[in-house]
Chemist: 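One structure coming up, written as structure tokens, with questions to follow.
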Amino acid sequence: MDAKRLSIADKLLAWYDAHRRDLPWRAPPGVAADPYRVWLSEVMLQQTTVATVRPRFEAWVARWPDFASLAAAEDADVMAAWAGLGYYARARNLVAAAKAVAADHGGAFPRTEAALRTLPGLGAYTAAAVAAIAFGERAVVVDANVERVVSRLFAIARPLPASRSAIRAAADGITPDERAGDFAQAMMDLGSAICTPKLPRCLLCPLQPDCRAQAQGEPDRYPVKAAKKAKPHRYGTIFWVERPFLSIVAPLRVHPSPVRAELVEAQELGAPPATHPSTSSGRTELVDRAVRGAREVLLVRRPPKGLLGGMRALPTGPWADEPPGLAKAPVATDWTMHNATVEHGFTHFDLTLALAVANGDGHHPDGEWWPLDRLDEAGLPTLFAKAARALRRDE
DNA sequence: AATTCGTGGAC
DNA sequence: TGTCCAAGAAT
């Protein structure tokens with residue numbers, strides 16, 4: 001058999017049949033994929049590693065197994081479930097897309113790349129990937145793996161992102177009419193296991209004879225990338241306001257926390273309170289919490305768009321080029337500056353946070369008093385989880 | 001076209 | 001230790 005007669009797609013698909021990864025969102029060979037799982041996994045995997053996604057995907061589908069259940073979910077629950085995964089617009093768009101499917105498509109998920117592309121959170125890559133993997137449509141699927149593999153195969157020297165159109169054209173040229181979904185996943189498995197960014201394993205590569213970069217001797221020179229900008233450093237303050245779980249009742253009627261509201265209401269009605277969403281045993285636990293002097297911390301909901309948009313959070317002041325101190329503190333009170341600071345790196349800037357601590361009570365706009373011993377259930381982005389950890393450690 | 005969106009792991 | 005990077009999208 002003349003290897004030259006086999007197309008790149010043929011060789012890659014043969015390699016895939018022998019070496020494909022077993023992933024929870026992948027149907028076994030010959031079995032139709034579940035579009036919901038394909039879509040969810042593709043969104044989770046945007047700029048996120050398989051190792052990070054795998055357990056989060058399992059937990060997610062156990063809680064929301066299909067489009068209908070997700071469309072009916074509470075926004076706060078969905079955002080909390082996404083906490084720690086980053087790029088939180090993905091979670092907002094996930095719910096919006098699930099609702100759009102229910103409202104505009106009669107509950108049926110679109111099956112073509114063009115129709116998928118109209119859903120929020122489905123861009124060029126994800127629409128093509130879902131169309132190919134879930135529905136068998138021939139679509140040109142270009143992610144960072146494909147960019148790397150293709151730029152090496154054809155030794156595309158122009159730097160990214162200017163080379164995108166050439167890479168796409170080259171990917172189109174090797175995408176088969178049949179098994180386009182397997183081909184896309186094969187490219188990604190190859191990029192993950194063989195055609196890696198550094199130290200590619202060319203000796204194991206089924207496409208080695210076809211690879212111009214390998215022939216040139218320095219495959220890891222591709223893809224060439226434009227120089228990146230320097231990251232600015234910014235400063236901010238996190239405000240930690242704490243109060244006893246149950247002190248006095250008077251202010252609570254006006255500005256109750258969910259837990260307190262239920263307790264007060266139950267006292268008025270002479271009935272047991274409903275179980276708080278974050279508790280499991282109703283009045284017993286509420287009373288126990290009060291008796292043992294449990295404490296609560298003030299949380300807020302960040303604005304729906306922008307950095308950490310829509311997420312539950314600790315109150316913060318502005319980000320600035322210099323430490324902003326107590327600017328925009330949520331309450332006028334005596335603050336104690338904590339010794340340690342929290343360092344956090346975002347994609348486009350690094351942040352140093354000071355920690356201001358105070359005792360407080362009463363009303364805060366959009367505020368929510370949260371039981372300290374259940375803070376892990378609040379769904380805080382990593383930045384705030386770090387701050388809570390730093391304060392906890394020192395108590 | 002260039003920015004703005006998180007986070008954790010590999011090296 | 002800092003740098004790079006990951007199944008990108010929206011604006």
Side-chain angles (χ1 to χ4, degrees), chain A residues 21 23-26 37-57 79 82-94 96-97 116-134 139-149 159-165 168 171 181-193 195-199 220 223 225-234 302-311 313 319 343-351 379-386:
Chain A
R21 284 178 287 180
L23 298 171
W25 46 88
R26 257 180 202 176
R37 292 178 151 247
V38 172
W39 165 63
L40 175 64
S41 68
E42 290 301 341
V43 173
M44 280 192 172
L45 287 161
Q46 289 167 6
Q47 300 291 285
T48 309
T49 59
V50 167
T52 298
V53 166
R54 191 193 294 260
R56 305 295 296 259
F57 175 87
M79 299 312 288
W82 199 270
L85 277 174
Y87 288 146
Y88 297 102
R90 292 185 291 174
R92 298 195 300 272
N93 287 333
L94 220 45
L116 288 161
R117 186 70 178 75
T118 67
L119 291 172
L122 280 89
Y125 163 75
T126 305
V130 172
I133 297 169
V140 182
V141 180
V142 183
D143 75 321
N145 289 295
V146 174
E147 286 181 348
R148 187 169 60 254
V149 172
L160 285 167
S163 56
R164 287 256 152 80
S165 61
R168 179 176 188 77
D182 283 348
F183 178 77
Q185 295 179 89
M187 290 288 272
M188 298 191 250
D189 279 12
L190 189 79
S192 168
C195 197
T196 48
K198 295 169 187 172
L199 300 177
D220 60 337
K225 294 187 178 180
K228 39 186 68 111
K229 289 178 27 176
K231 267 193 204 183
H233 198 112
R234 295 192 176 130
R302 291 182 62 85
K305 292 186 173 184
L307 189 73
L308 309 175
M311 296 300 287
W319 311 148
E343 302 291 337
H344 192 72
F346 291 107
T347 305
H348 50 301
F349 67 97
D350 291 316
L351 191 57
L380 295 179
T382 299
L383 165 63
F384 302 111
K386 278 186 191 174

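A note on names: the letters A, B, ... follow the listed sequences, proteins ahead of strands, and every chain is numbered from 1.
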Chemist: Taking any heavy-atom pair under 4.0 Å as a contact, classify Ala144(A): base, sugar-phosphate, or nothing.
Modeler: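 The residue Ala144(A) makes sugar-phosphate contact but no base contact.
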
Chemist: Gln46(A) has a side chain; which of dG8(C), dC5(C), dT7(B) sits nearest to it?
Modeler: dG8(C)

Chemist: Find out whether Gln47(A) and Tyr87(A) are in side-chain contact, i.e. whether some heavy atom of one side chain is under 4.5 Å from a heavy atom of the other.
Modeler: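 In contact.
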
Chemist: Rounded to whole Å, how long is the line connecting atom CZ of Phe346(A) with atom P of dC4(C)?
Modeler: 20 Å

Chemist: Which is true for Ala124(A) with a 4.0 Å heavy-atom rule: it touches a base, it touches only sugar-phosphate, or it touches nothing?
Modeler: sugar-phosphate

Chemist: May I have the distance from Arg54(A) (atom CZ) to dT7(B) (atom P), rounded to whole angstrom?
Modeler: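 Answer to the nearest Å: 23 Å.
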
Chemist: Can you find an N or O donor on one side and an acceptor on the other, under 3.5 Å apart, linking the side chain of Arg164(A) with the base of dA2(B)?
Modeler: no

Chemist: Across the strands shown, which category fits Leu308(A) at heavy-atom distances under 4.0 angstrom: base, sugar-phosphate, nothing?
Modeler: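 Answer is sugar-phosphate: Leu308(A) comes under 4.0 Å of backbone atoms only.
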
Chemist: Rounding to an integer number of Å, can you tell me how far Asn145(A) CG sits from dC5(C) P?
Modeler: 13 Å

Chemist: Of Arg26(A) and Lys198(A), whose nearest nucleotide on DNA chain C comes first from the 5' end?
Modeler: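 In this pair, the answer is Lys198(A).
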
Chemist: Would you say His348(A) places a side-chain N or O within less than 4.0 Å of OP1 or OP2 belonging to dT4(B)?
Modeler: no

Chemist: Under 4.0 Å: is that the gap between some side-chain N or O of Gln47(A) and OP1 or OP2 of dA6(C)?
Modeler: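 Negative; the distance criterion is not met.
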
Chemist: Looking at dC5(B), dA7(C), dA9(C), which one has an atom nearest to any side-chain atom of Tyr87(A)?
Modeler: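 That would be dC5(B).
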
Chemist: Base, sugar-phosphate or nothing for Pro161(A)? Non-hydrogen atoms, less than 4.0 Å.
Modeler: nothing

Chemist: In whole Å, what is the span from the NZ atom of Lys305(A) to the P atom of dA9(C)?
Modeler: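 The distance from NZ of Lys305(A) to P of dA9(C) comes to 17 Å, rounded to the nearest Å.
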
Chemist: Closer than 4.0 Å, any side-chain N/O of Ser41(A) to the OP1 or OP2 of dA7(C)?
Modeler: no

Chemist: Classify Gly191(A) by what it touches in the nucleic acid, base, sugar-phosphate, or nothing, heavy-atom distance under 4.0 Å.
Modeler: nothing

Chemist: Let's see if you can work this out: which of dT3(B), dC4(C), dG6(B) has an atom nearest to the side-chain heavy atoms of Lys228(A)?
Modeler: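 Of the options given, the side chain of Lys228(A) lies nearest dC4(C).
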
Chemist: Check this for me: does the side-chain of Thr48(A) come within 3.5 Å of the base of dG8(B) through a donor and an acceptor?
Modeler: no

Chemist: If you check every side-chain atom of Tyr125(A), which of dC5(C), dA7(C), dG8(B) has the closest atom?
Modeler: dA7(C)

Chemist: Think His344(A) has a side-chain N or O under 4.0 angstrom from the OP1 or OP2 of dG6(B)?
Modeler: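 Indeed not, no polar side-chain atom of His344(A) lies that close.
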
Chemist: Which of the following nucleotides, dT7(B), dG8(C), dA7(C), is nearest to the side chain of Leu45(A)?
Modeler: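 Closest of the options to the side chain of Leu45(A): dA7(C).
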
Chemist: Using a 4.0 Å heavy-atom cut-off, does Gly309(A) contact any base of the nucleic acid, only the sugar-phosphate backbone, or nothing at all?
Modeler: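 If one applies the 4.0 Å heavy-atom cut-off, Gly309(A) turns out to touch nothing in the nucleic acid.
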
Chemist: Arg148(A) has a side chain; which of dC5(B), dA9(C), dA7(C) sits nearest to it?
Modeler: dA7(C)

Chemist: Verify the contact: side-chain N or O of Lys225(A) to OP1 or OP2 of dC4(C), cut-off strictly under 4.0 Å; return yes or no.
Modeler: no

Chemist: So which one's nearest nucleotide on DNA chain B is more toward 5', Phe349(A) or Thr49(A)?
Modeler: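 Comparing both residues, the 5'-ward one is Phe349(A).
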
Chemist: Please report the distance, rounded to the nearest Å, between OH in Tyr88(A) and P in dA9(C).
Modeler: 19 Å

Chemist: Would you please confirm or rule out a distance under 4.0 Å between OP1 or OP2 of dG8(B) and any side-chain N or O of Thr382(A)?
Modeler: yes

Chemist: May I have the distance from Leu122(A) (atom CG) to dA7(C) (atom P), rounded to whole angstrom?
Modeler: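 That distance rounds to 18 Å.
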
Chemist: Do Asn145(A) and Arg148(A) get their side chains close enough for a donor-acceptor pair, meaning under 3.5 Å?
Modeler: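 On atom types as modelled, these side chains qualify, holding a pair under 3.5 Å.
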
Chemist: Among side-chain atoms of Tyr125(A) and Glu42(A), is any donor-acceptor pair under 3.5 angstrom?
Modeler: yes

Chemist: Count the heavy atoms of every other residue, nucleotide or ligand shown that sit under 6.0 Å from NZ of Lys305(A), and state whether that count exceeds 12.
Modeler: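 12 or below, so no.
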
Chemist: Quick one, Leu351(A) and Trp319(A) - any side-chain contact, counting heavy atoms below 4.5 Å?
Modeler: yes

Chemist: Using heavy-atom distances to pick each residue's nearest nucleotide on DNA chain C, tell me which of Val142(A) and Lys231(A) is more 5'.
Modeler: Lys231(A)

Chemist: Could you state the atom-to-atom distance from NE2 of His233(A) to C1' of dG2(C) in whole Å?
Modeler: 14 Å

Chemist: Between atom CG in Leu351(A) and atom C1' in dG6(B), what is the gap in whole Å?
Modeler: 12 Å

Chemist: Check every atom of dT7(B), dC5(C), dA10(C) against the side chain of Asn93(A) and return the nucleotide holding the closest atom.
Modeler: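 Selected nucleotide (nearest to the side chain): dA10(C).
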
Chemist: Taking atom types as modelled, is there a side-chain donor on Thr48(A) or Arg90(A) under 3.5 Å from an acceptor on the other?
Modeler: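 There is such a pair (donor and acceptor under 3.5 Å, judged by atom type) between the side chains of Thr48(A) and Arg90(A).
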
Chemist: Are Glu343(A) and Lys386(A) within salt-bridge range, i.e. N to O under 4.0 Å?
Modeler: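 Salt bridge flag = no for Lys386(A) with Glu343(A).
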
